[in-house]
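All chains are named by letter (A, B, ...) in the order of the sequence lines, taking the proteins before the strands, and each is independently numbered beginning at 1.
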Protein chains: 2
Amino acid sequence: MKSPRVLNADALVLIARRFGVLAEPMRLRLLHALFGGEQSVGELVRRTGGTQANVSRHLQTLAHAHLLTRRKDGLQVFYAIADPSIFQLCELVCGSLEKQLAKQAGVFAR
Amino acid sequence: MKSPRVLNADALVLIARRFGVLAEPMRLRLLHALFGGEQSVGELVRRTGGTQANVSRHLQTLAHAHLLTRRKDGLQVFYAIADPSIFQLCELVCGSLEKQLAKQAGVFAR
DNA sequence: AATTTATATGAGCATATGCTCATATAGTAC
DNA sequence: GTACTATATGAGCATATGCTCATATAAATT
């Protein structure tokens, strides 16, 4: 175990923003769809069932946060996961939630 | 590496909520203050410099999300970190942000 | 019971966020 | 050039979120 970080106000704002970017189901949906690799916007629209405008906006949000890379090829734009820590982040949160829900379920399961 | 999870819409909403809880500087401040162990509300008010009302609200939010435990003793209420995955979560995000900022700094540092 | 202390909460305001529709931009094909 | 396709974006609305002030609740003290 490392000693805990000391965090100043600015750092906390940055961290909060990062979490905020991950705090939308559609953005998580997009990240999830990109787990398998680079996809075009159109492909992501099809996969997620969102509107083109909305998907485009969320992709921008993710890209501005440096969680996605953007590559333009002709008419299409391809996005891909830029920050592999996303995978671990999702694993951590999913694991924690699963444990929590299992515990809650246990209250009834006797 | 484990194979990536399959996530349905409900799961994504839960995960998004969890991230949302972490997406406020004051809540991160409170978690950070609790890294060293259980604290009373009053103590947390002093440490964070927030108002009593605001700190109390944020603590509730964190407790409702099962990230904090609540223990009442006489007049005081003590909160503590309930989910140790928080530590790893913060480490991950901090590490990722540091890397990102270092890269951005490098653009100028030549 | 009345007073004091610690915490929680209702109400209201201000700001942020997400969504949609329509339109703009940029690249391709003719 | 014109027409077409893929993506981005401005505007406006609806909802969510956070903050503060005042007040409520709950426990301890006298």
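The nearest whole Å value for the distance from the CD atom in A:E43 to the C1' atom in D:dA6 is 13 Å. Straight-line distance from the CZ atom of A:R70 to the C1' atom of D:dT7: 8 Å, rounded to whole Å. Rounded to a whole Å, the CZ atom of B:R71 is 15 Å from the C1' atom of C:dT7. In this structure, CG of A:L59 is placed 10 Å from P of D:dT7, rounded to the nearest angstrom. In this structure, CG of A:L30 is placed 13 Å from P of D:dT7, rounded to the nearest angstrom. The distance from atom CD of A:Q60 to atom P of D:dT7 is 12 Å, rounded to the nearest whole Å.
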TODO: Report, as a single string ordered 5' to 3', how protein heavy atoms within less than 4.0 Å touch nucleotides 25-30 of chain C: B base, S sugar-phosphate only, - not at all.
DONE: -BBS--
- [ ] Determine, for nucleotides 12-24 of chain C in 5'-to-3' order, which nucleotides have protein heavy atoms under 4.0 Å from the base (write B), from only the sugar-phosphate (write S), or from neither (write -).
- [x] ------SSBBB--
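Screening A:I86, A:T61, A:L30 against A:L67 for a side-chain contact (heavy atoms from CB on, under 4.5 Å) leaves a single residue, A:I86.
Within a 6.0 Å sphere centred on CZ of A:R17, heavy atoms belonging to other residues, nucleotides or ligands number 12 at most.
In the hydrophobic cluster analysis, where Ile, Leu, Val, Met, Phe, Trp and Tyr join through side-chain heavy atoms closer than 4.5 angstrom, A:F78 is grouped apart from A:L68. B:F35 and B:L89 fall within the same hydrophobic cluster, defined by Ile, Leu, Val, Met, Phe, Trp and Tyr side-chain heavy atoms under 4.5 Å apart, directly or through other members. No continuous path of hydrophobic side-chain contacts links B:L44 to B:L75 [ILVMFWY only; heavy atoms under 4.5 Å]. In terms of hydrophobic clustering, with Ile, Leu, Val, Met, Phe, Trp and Tyr side chains grouped at heavy-atom distances under 4.5 Å, A:L62 and B:V13 are assigned to different clusters.
Between B:H64 and B:R46, it is B:R46 whose nearest contact on DNA chain C lies nearer the 5' terminus.
Put simply, A:Y79 has a side-chain N or O that comes within less than 4.0 Å of OP1 or OP2 on D:dA8.
Here NZ of A:K103 is found 9.5 Å from NE2 of B:H66. Values are rounded to the nearest 0.5 Å. Atom CD of residue A:E91 and atom OG of residue B:S85 lie 12.0 Å apart, to the nearest 0.5 angstrom.
B:F78 comes within 4.0 angstrom of nothing in the nucleic acid, heavy atoms only.
For the pair A:L14 and B:V93, the minimum side-chain heavy-atom distance is 4.5 Å or more.
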